[in-house]
Amino acid sequence: MERYDHRTIEPRWQKFWADNDTFATDTDRSKPKYYVLDMFPYPSGSGLHVGHPKGYVATDVVARAKRMQGFSVLRVMGWDSFGLPSERQAVREGKHPSEITERNIGTFKGQLSGLGLSYDWGRELATSDEKYYRWTQWIFLKLYEAGLAYQADVPVNWCPALGTVLANEEVKDGKYVETGDPVERRSMKQWMFKITKYAEQLLDGLDDLDWPEGVKQMQREWIGRSEGAQFAFSVADSDASFEVFTTRPDTLFGCTYAVLAPEHPLVDSVTTDAQREAVAAYRTRAANMSDRDRTSQAIDAPKTGCFTGAYCINPVNGDKVPLWIADYVLASYGTGAVFACPSHDERDHAFAKTFDLPIVEVVSGGDDVQAAAYIGDGPHVNSGFLDGLDIDAAKTKIIAWLEENGHGKGTIQYRLRDWLFSRQRYWGEPFPLMETEDGEIVPVPESDLPVKLPELMDFQPTADGRPPLARAEEWAKTTTPDGRPAMRETNTMPQWAGSCWYYLRFISPNNEEAAWDTEEENYWMPVDLYVGGTEHAVLHLLYSRFWHKVLYDLGLVSTSEPFQRLFNQGMIHSMSYNDSPDGRGKFYYPNEVEEKGEGWVAKADGREVFTKVMKMSKSRYNVTNPDDMCERFGADALRLYELFMGPLEDGAMWEDSGVAGTRRFLDKANRLAHGDNVVDGPVENKDVERALHLAIGKVSDAIQSLRFNTAISEMMIFVNEALKADKVSKLWLRDFVRILSPFAPHLCEELWRGLGETETIAFAAWPEVDESKLVVDTITLAVQVNGKMRATVEISATASKDEILEAAKTSPKITKYLEGGTLRREIVVPGRLVNLVITP
RNA sequence: GCGAGAAUGGCGGAAUUGGUAGACGCGCUGGAUUUAGGAUCCAGUGGGGUAACCCGUGGGGGUUCAAGUCCCCCUUCUCGCACCA
């Protein structure tokens, strides 16, 4: 018995699990529950590489162990299958997106099923399935009815070549990051969600979640709560006034000018004739920059701006200060207008220096404010009734003054913006809304859901610039429930929509009467463990939380947060080969290059190539396909290696030879179980039993902590120990096979039968650690002299301090140190070491 | 620029949270075996030295009987955020 034949046993057990519905979700509601969820994938055309299943394998180990520990486990997989890439792939191939999507899902599912993941496939769902998006539309109606959806004219990133609006993160330097097509700013009527209304709740809810601190922090920063004051400046010689927001109202006496965003509605009316041309030119320039470009500049970027010719009045002292426009003031934040205090704000300071505006110190304690803004604290000066106060006290006082005098009030601002929810694309959920001829928005009645996507093959916008759904003229024509003619909404929802609530649908995916079953929701929610990549740290997780909180407020779900514990698995990297040192040239497959001297060259033409460890990606020619690994080493070895590489949250570099290593371990385990020295009864062997129970403990802990790498190494140590033993007890094997089974389920099902069992190992009871087996009789104690290791002594684990010292001092290697000096101090750490302090 | 995290053999990583640094695995070296090409098994493997010993956790200081671990300074890298008033 050498190596086991994974090509035979893995398909056999996968078939067994499928035939027996082994992983159908437990229906016993008296058991404790465990809902473990993977962030479901977008089924792209390129299939999976070995980086994708890392998280899935981790959750599978947890799910399998939890079943053995007596939990009802919800373990499911689905597809985030709406989205632009499928639409584009469809255009390229001349096929319908539904066909492309179906094919891609087939590829993904095939690849995943080869890994032996214990999903309840009876609960599989796809967001592009009308049975699913019917309920996405239903939830949209709930939000709409709650007054959280509204239409607004907003400046968007319009890409004429694609005929669609792009998200801010898809645009860089005025171009679509994927294709380089130019993107322009255009004001369009869009559907928005009032996520800002939930800013405070989204912030507060974070406190009680078991999430990585970094992710919580990112969400906090994204929401960006800041406390300050909002108050009015009036425009001199005019009735007009504008509101400003500031977090530093205490510096109001240092205001030497004010700035409006170029898009501010007041700009036209306040600009003087003399400045009109310059202002118009500046506004045009600003309008052509995307939000991203405007905000992605460093704080010390050169400042630009334009004087309006108008002046405004500082409410606190009546000073008349010039009113400018500048693109460093954002229309979309706060009130789109600020007062400037160049002495104590770096941006204002840079602007003042550029345009030679005065700088007046109002907080003392810094250096010369003419040279640099002073941000620190200190007594206020030149500030009338604020003089002498520190920042906090001055803030309180000025806010009270503003309120008393009717100029404004203390407020809270959030950086979070409302959520732009509509897209001009085909492959997404249609909105369940229609518009009558006189412009009234009417929701589609729930009983008429789903609003199905019309069959189209042309996904370009119409000639007059309406979204692709407007091409389905018959589809778009409809009537309101009370019989008036109406047109359907032709925008579609963004990809986030389907992923916002899929964890709820998994609870009762085949329910035709409701989005989810209330009792079942009560039992399963919240998700106990949610595993996925950090790329979703903000948007997906924030949007989901928002929807969930709305549903909670509507009494539709039982928890205020959807995901109790979040874990981010690290990315898998791999060596890439490129003929340009900056990685921008041609990539080569690993088999196209060879090592030569210090570097690498292309085999074909001897051209120098540069190596760099990069994220796995098809475009970098550095992906490893899990199918290949399953074929060569087996799914069990692949699963084990994914988790053995290092801590789950860290990135790690892929090496095929590592899979060979975990395979060797499995072969050893198999050999151990089939050795001719295996006996039925107990075997006295303290070393092996200790190793076994250490492994049981470590693996049990790993299920909680998700620290699998060291748990696997502990199992390796057990196998190495047991292979040295004269006799191997089946009792050891019964424990060992059970703790290994979540990692290597195929082989362990096989070995479990070999131990005389007839039922699947999937529900075998989880072994307990026997503390008495961990106790050792003798320990190896380190003996140090002046902190340096000089000897070790073998001694009874129960030896007293005196006995330990005696043994240490009489150790042959130690006596010479004692003879050569004076013993000053003796430190004994029981079970660890002895340190003798000796001076010559 | 700001914030967070990290730096340990040729490589991935361990180290009971102040107590024998380098577990486990990869790779490498030697050996065994082979129906030989990539398999399997056994042994060795931080560096230096014949040795006793010496040196070693990014660099420099410090605390301590004892520092990878705690404190201060510096360097480098990764990840967020990036004119949010």
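Chain naming here is simple, since letters A, B, ... match the order of the sequence lines and numbering starts at 1 in each.
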Who passes side chain to side chain contact (heavy atoms under 4.5 Å, CB included) against [X], sequence neighbours left out?
X: A:Y374; value: A:H344, A:V363, A:V369
X: A:T815; value: A:E819
X: A:D345; value: A:R347, A:D348

Enumerate, in order of first residue number, the stems that involve RNA chain B, defined as 3 or more consecutive Watson-Crick or G-U wobble pairs with both distances under 3.5 Å.
B:1-7 with B:75-81, B:10-12 with B:24-26, B:27-32 with B:40-45, B:46-48 with B:53-55, B:58-62 with B:70-74
A:E714: which residues meet the salt bridge (Lys or Arg N to Asp or Glu O under 4.0 Å) condition with it, sequence neighbours left out?
none
What residues form a side-chain hydrogen bond (donor to acceptor under 3.5 Å, both in side chains) with A:K395, not counting sequence neighbours?
none
Polar atom pairs (N or O), protein with nucleotides 4-12 of chain B, under 3.5 Å:
from	atom 1	to	atom 2	distance (Å)
B:rG12	O2'	A:M645	O	2.5

Just the atom pairs and distances: protein N or O near nucleotides 43-53 of chain B's N or O, under 3.5 Å.
from	atom 1	to	atom 2	distance (Å)
B:rC53	OP1	A:K816	NZ	3.3

Applied to residues 826-840 of chain A, the salt bridge (charged side-chain N to carboxylate O under 4.0 Å, His left out) test, sequence neighbours excluded, yields A:K809-A:E826
Any salt bridge (charged side-chain N to carboxylate O under 4.0 Å, His left out) pairs touching residues 645-656 of chain A, not counting sequence neighbours?
A:R632-A:D656
Between the protein and nucleotides 61-65 of chain B, list the N/O to N/O atom pairs that are separated by less than 3.5 angstrom.
from	atom 1	to	atom 2	distance (Å)
B:rC65	OP1	A:R825	NH1	2.9
B:rC65	O2'	A:N835	ND2	3.1
B:rC65	O2	A:N835	ND2	2.6

Of residues 708-716 of chain A, the positions that come close to RNA chain B - non-hydrogen atoms, cut-off under 4.0 Å:
A:N709, A:T710, A:S713, A:M716
